[in-house]
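Report on the following structure.
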Amino acid sequence: MTEQPQNLEDRLERRQLASRHPLSTVPVNHHPHGNIPNTPFGVATVAFLLGAVFSLGALTFAVSGFDSLWWPTYQLGFFVASWAFFHWAEFAVTAGWNLEKCSVDSFLLDNGSMYHIANGTALLEYLLTLYFKPKWKSHAFISASGMMLVLVGQSLRSAAMIHASTNFSHSLATYKRESHKLVTDGVYAWFRHPSYAGFFYWALGTQLVLQNPLTFIMFLILLWRFFYYRTREEEKNLVRFFGDEYVHYRRRVGTKIPFIP
């Protein structure tokens, strides 16, 4: 039988010990949004659902679609599997290499309504075109090129998060912590913002897989605009944090995102 704490001090001590437990998902630098329960059970539930979606998508891709139905194609399977894996990997990498910032928000599922509207629009364009003009989705080379771009983008983003470790954050840093260091080696020697470049090319690759010309253009415009202003704001803080060290690094290494210097 478990002994129950008898006074307020005991209860507070147990709560503090629980908050330091390896299974806790309480980050030290921000408060989770709260739309998804930030508990081990909440994390397990999200991970289970993402795993189920990934498995269905991967199976559909592996069998090259199901001929008995018009809509579960290998392209849709790859897209769904890639989407589920991306969100799982965001949490997994954060939990493995940046635990102090880990929470249920690290899945990036609570990413704003525009993100989900964009993905919903991509699915709608694909399914409508597939139903009315199936031949427009028959260019295997385009989908194969998109798959390569998705894999490269995912690898680049995850590698950037792993290499930066505790110096990486999903949210903009507005103050410099004592442990905050400027990372300029590894993938950061080639890309100034490799996590941004990785997501940029991953997202565009998903639309090539689906052969969605309209959504591809929409993604291109929205993502470029977002990352242009995001990098401008972030780099103001980095110059403030690291001074000439960052200014010299910025001159040497580009973002590798078109028209974002």
Side-chain angles (χ1 to χ4, degrees), residues 25-34 86-87 89-115 118 149-150 152-205 218-261:
T25 58
V26 182
V28 299
N29 68 322
H30 73 277
H31 294 289
H33 297 151
F86 169 81
H87 288 285
E90 290 294 296
F91 181 90
V93 171
T94 304
W97 286 267
N98 198 2
L99 184 60
E100 67 179 27
K101 298 187 180 76
C102 188
S103 75
V104 73
D105 287 353
S106 300
F107 283 109
L108 291 190
L109 288 169
D110 193 6
N111 213 17
S113 59
M114 183 56 68
Y115 173 76
L149 201 57
V150 166
V152 169
Q154 179 68 68
S155 299
L156 178 59
R157 181 170 175 87
S158 295
M161 293 173 63
I162 290 171
H163 190 70
S165 186
T166 58
N167 294 290
F168 181 86
S169 177
H170 280 125
S171 57
L172 286 177
T174 57
Y175 67 93
K176 184 177 181 294
R177 296 177 293 113
E178 291 184 5
S179 61
H180 198 174
K181 297 179 181 179
L182 179 62
V183 182
T184 61
D185 58 348
V187 292
Y188 288 85
W190 300 93
F191 297 83
R192 195 163 75 245
H193 297 285
S195 64
Y196 295 165
F199 182 81
F200 181 82
Y201 292 113
W202 175 89
L204 293 182
M218 181 184 75
F219 272 42
L220 179 62
I221 294 171
L222 292 177
L223 288 171
W224 184 91
R225 186 176 184 277
F226 174 80
F227 285 128
Y228 177 84
Y229 289 106
R230 174 91 170 195
T231 56
R232 300 307 79 147
E233 182 65 24
E234 183 171 335
E235 292 188 353
K236 288 180 183 178
N237 293 327
L238 290 170
V239 170
R240 181 162 53 86
F241 296 164
F242 301 105
D244 289 341
E245 184 182 5
Y246 186 80
V247 172
H248 295 322
Y249 169 68
R250 182 169 60 184
R251 290 173 182 168
R252 296 195 317 270
V253 181
T255 65
K256 304 303 188 295
I257 299 176
F259 305 109
I260 298 182

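All residue numbers refer to positions in the sequence shown, counting from 1. Only heavy atoms go into these numbers, but all of them, side chains included; no hydrogens, no water, no symmetry mates.
- Here the closest heavy-atom approach between residue A203 and residue L223 is recorded as CB-CD1, 3.5 Å.
- Remark: the backbone N or O of T174 is not paired with any side-chain donor or acceptor of N237 at under 3.5 angstrom.
- Closest of all the heavy-atom pairs between A159 and V187 is CB-CG1, 4.2 Å.
- The two residues Y201 and L149 make their nearest non-hydrogen contact at O-CG, 3.3 Å.
- A donor-acceptor pair is defined here as one N or O able to donate and one able to accept, closer than 3.5 Å; such a pair exists between the side chain of W224 and the backbone of P258.
- Rounded to the nearest 0.5 Å, atoms CZ (F226) and CZ (F219) are 13.5 Å apart.
- Taking NE2 from H248 and CZ from R252, the interatomic distance works out to 9.0 Å, rounded to the nearest 0.5 Å.
- In this structure a side-chain-to-backbone donor-acceptor pair under 3.5 Å is missing from T94 to S106.
- A donor-acceptor pair under 3.5 Å is formed between the side chain of N98 and the backbone N or O of F168.
- Put simply, the side chain of R192 gets close to the backbone of P261: a donor and an acceptor are under 3.5 Å apart.
- Remark: Y115 OH is packed, more than 12 non-hydrogen atoms of other residues, nucleotides or ligands lying under 6.0 Å away.
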Intermediate values then yes/no, side-chain contact (heavy atoms from CB on, under 4.5 Å), Y246 and L182: CA-CA 8 Å; Y246 186 80; L182 179 62; 3.6 Å; yes
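- Of the possible donor and acceptor atoms, none in the side chain of H193 sits under 3.5 Å from a partner among the backbone N and O of T255.
- Partners of S179 according to the side-chain hydrogen bond (donor to acceptor under 3.5 Å, both in side chains) rule, which considers only residues two or more places apart in sequence or in another chain, are R177.
- Atom NZ of K176 has more than 12 heavy atoms from other residues, nucleotides or ligands within 6.0 Å.
- No donor-acceptor pair under 3.5 Å is formed between the side chain of S165 and the backbone N or O of N167.
- Annotation: side chain of R232 is in contact with side chain of I260 (closest heavy-atom distance under 4.5 Å).
- Note: F107 and F91 have parallel aromatic rings, judged against thresholds of 30 and 60 degrees for the angle between ring planes.
- Considering all non-hydrogen atoms of both residues, Y188 and A164 come closest at OH-CB, 3.4 Å.
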Intermediate values then yes/no, side-chain contact (heavy atoms from CB on, under 4.5 Å), V104 and H33: CA-CA 9 Å; V104 73; H33 297 151; over 6 Å; no
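- Taking the six-membered ring for Trp and the full ring otherwise, the centers of F191 and H163 sit at least 6.0 Å from each other.
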Working for side-chain contact (heavy atoms from CB on, under 4.5 Å), residues E234 and Y196: CA-CA 12 Å; E234 183 171 335; Y196 295 165; 2.4 Å; yes
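- Between A160 and P194, the shortest heavy-atom contact is CB-CG, 3.5 Å.
- Between R230 and E233 there is no salt bridge, since no side-chain N of the basic residue sits under 4.0 Å from a carboxylate O of the acidic one.
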CA sep, side-chain torsions, deciding dist, call: H180, F241, side-chain contact (heavy atoms from CB on, under 4.5 Å): CA-CA 9 Å; H180 198 174; F241 296 164; 4.0 Å; yes
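- With sequence neighbours left out, S158 forms a side-chain hydrogen bond (donor to acceptor under 3.5 Å, both in side chains) with Q154.
- Residues that satisfy the side-chain hydrogen bond (donor to acceptor under 3.5 Å, both in side chains) test with Y228, not counting sequence neighbours, are absent from this structure.
- Summarising the geometry, atom OG1 belonging to T231 is positioned 10.5 Å from atom OH belonging to Y229; distances are rounded to the nearest 0.5 Å.
- Side chain of K101 to backbone of H170: no donor-acceptor contact under 3.5 angstrom is found.
- Atoms CG and NZ, from L172 and K236 in turn, are 11.5 Å apart once rounded to the nearest 0.5 Å.
- Here the CZ atom belonging to F200 is positioned 8.0 Å from the CZ atom belonging to F227, to the nearest 0.5 angstrom.
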